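Have a look at the structure below, then the notes.
These figures come from a predicted structure and were not determined experimentally. In what follows, chains carry the letters A, B, and so on, assigned in the order in which the sequence lines appear, proteins first and then strands, with residues in each chain numbered from 1.
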Protein chains: 2
Amino acid sequence: MDIKSAVTQLSSIAQEARLEIFRLLVQAGIEGLPAGSIGEQLKIPPSTLSFHLKELSHAGLINSRQVSRFIYYTANYAAMNGLLAYLTENCCAGVSKCCPEATSCHPEKGNKS
Amino acid sequence: MDIKSAVTQLSSIAQEARLEIFRLLVQAGIEGLPAGSIGEQLKIPPSTLSFHLKELSHAGLINSRQVSRFIYYTANYAAMNGLLAYLTENCCAGVSKCCPEATSCHPEKGNKS
DNA sequence: GCATTATTTCTATAATTATGGAAATATAGA
DNA sequence: TCTATATTTCCATAATTATAGAAATAATGC
């Protein structure tokens, strides 16, 4: 992870609409949600939603796949975990006992609600 | 943690100079670094540095204390850990086995290098 | 009080980012 | 092919954010 990628990823979620979208997708799990469903739940007009989804996609924090006429968006858990790790990297110069734990998210198949 | 605070905190590190400053402070540990030392290491002019330090302070991701004529800045580890937790909150709707771990940084006294 | 050093505030300019209507594109079924 | 639905692109406007010089403020020692 280089600093420019980290800034791009952080910028992509440093905006209220996009952070809401991202969190919605993190909570949605690996199946994700179609764009229209996201816009409906968050009350975001189509063109604005598309702009924000593109920002998140370009940053690599979300992925998409086409299913018929719908485009399903999903959180990229690996990218998110990489970003979180980057922020705590070499905490306190890597001295022992300083940073014992690491926050991450490991979704698995079969966790539908 | 509400979404506006999260956006403010993310915005504060979604900028190359500020992310460098923040990471430098995360790695510096609980003693922190005086403003001048940060500016010198990162080659940031005083007024620009002051602007960025204020952004980070207002967001609550760093703290400061005055020591003689120097102002020492330190990473606010608790705030950072709160932000990381927020991003993974209710991952996959909170289904078990989805998000077993959580990245965080726990600096301790006596970890000087 | 004066000189020195550290940091911040003020200011103008430049650059980037967000918003949403309208039009365009893409997919699928009748 | 025609129609309906889903999503994106284009565009102009508005709003926000970054940069850094110059001046101001603050703390210390002589």
(message) Any side-chain to backbone donor/acceptor pair from B:Ser5 onto B:Met1? Under 3.5 Å, distance only.
(response) no

(request) Please state how far atom OH in A:Tyr72 lies from atom C1' in D:dT7, giving the value in whole angstrom units. (result) 14 Å

(request) Name the closest nucleotide to the B:Pro34 side chain, picking from D:dT19, C:dT7, D:dA4. (result) C:dT7

(request) Specify the closest pair of heavy atoms between A:Met80 and B:Thr88, including all atoms of both residues, with the distance to one decimal. (result) CE-CG2, 3.7 Å

(message) Under a 3.5 Å distance rule, please check whether A:Arg18 uses its side chain to pair with a backbone N or O of A:Ser12 as donor and acceptor.
(response) yes

(message) Just the rounded figure in Å: distance from C1' of C:dT25 to CD1 of A:Ile71.
(response) 11 Å

(request) Write down the distance between CD1 (A:Ile13) and P (C:dA18), rounded to a whole number of angstrom. (result) 13 Å

(message) Nearest whole Å is fine: how far is C:dT19 C1' from A:Lys43 NZ?
(response) 18 Å

(message) If the cut-off is 4.0 Å, is B:Arg18 near the phosphate of D:dA18, judged by side-chain N/O to OP1 or OP2?
(response) yes

(message) Between P on C:dA14 and CZ on B:Phe51, what's the gap in Å once rounded to a whole number?
(response) 17 Å

(message) Which nucleotide wins on minimum distance to the side chain of A:Pro45, given the candidates C:dG20, D:dG21, D:dA18?
(response) C:dG20

(message) So, does A:His52 get its side chain near the phosphate of C:dT17, meaning an N or O under 4.0 Å from OP1 or OP2?
(response) no

(request) Could you check whether B:Tyr73 gets within reach of a base, just the sugar-phosphate, or nothing at all, counting any heavy atom under 4.0 Å? (result) sugar-phosphate

(request) Please state how far atom CD1 in B:Ile44 lies from atom C1' in C:dT7, giving the value in whole angstrom units. (result) 14 Å

(message) Both B:Ser47 and A:Gln15 contact DNA chain C. Which one's nearest nucleotide lies toward the 5' end?
(response) B:Ser47

(request) Can you figure out which of D:dA4, D:dA18, C:dT4 approaches the side chain of A:Arg69 most closely? (result) D:dA4

(message) Could you check whether any side-chain N or O of B:Tyr72 sits under 3.5 Å from a backbone N or O of B:Asn63, counting only pairs where one atom can act as donor and the other as acceptor?
(response) no

(request) Return no unless some side-chain N or O of A:Thr48 is found under 4.0 Å from OP1 or OP2 of C:dG20. (result) yes

(request) Let me know the distance between CD of B:Glu16 and P of C:dA15, rounded to the nearest Å. (result) 17 Å

(request) Using only side-chain N and O atoms of A:Lys54, determine if any of them is under 4.0 Å from OP1 or OP2 of D:dT7. (result) no

(message) Does the structure place the NZ or CZ of B:Arg23 under 6.0 Å from the centre of the six-membered ring of A:Tyr86, at an angle of no more than 45° from the ring's axis?
(response) yes

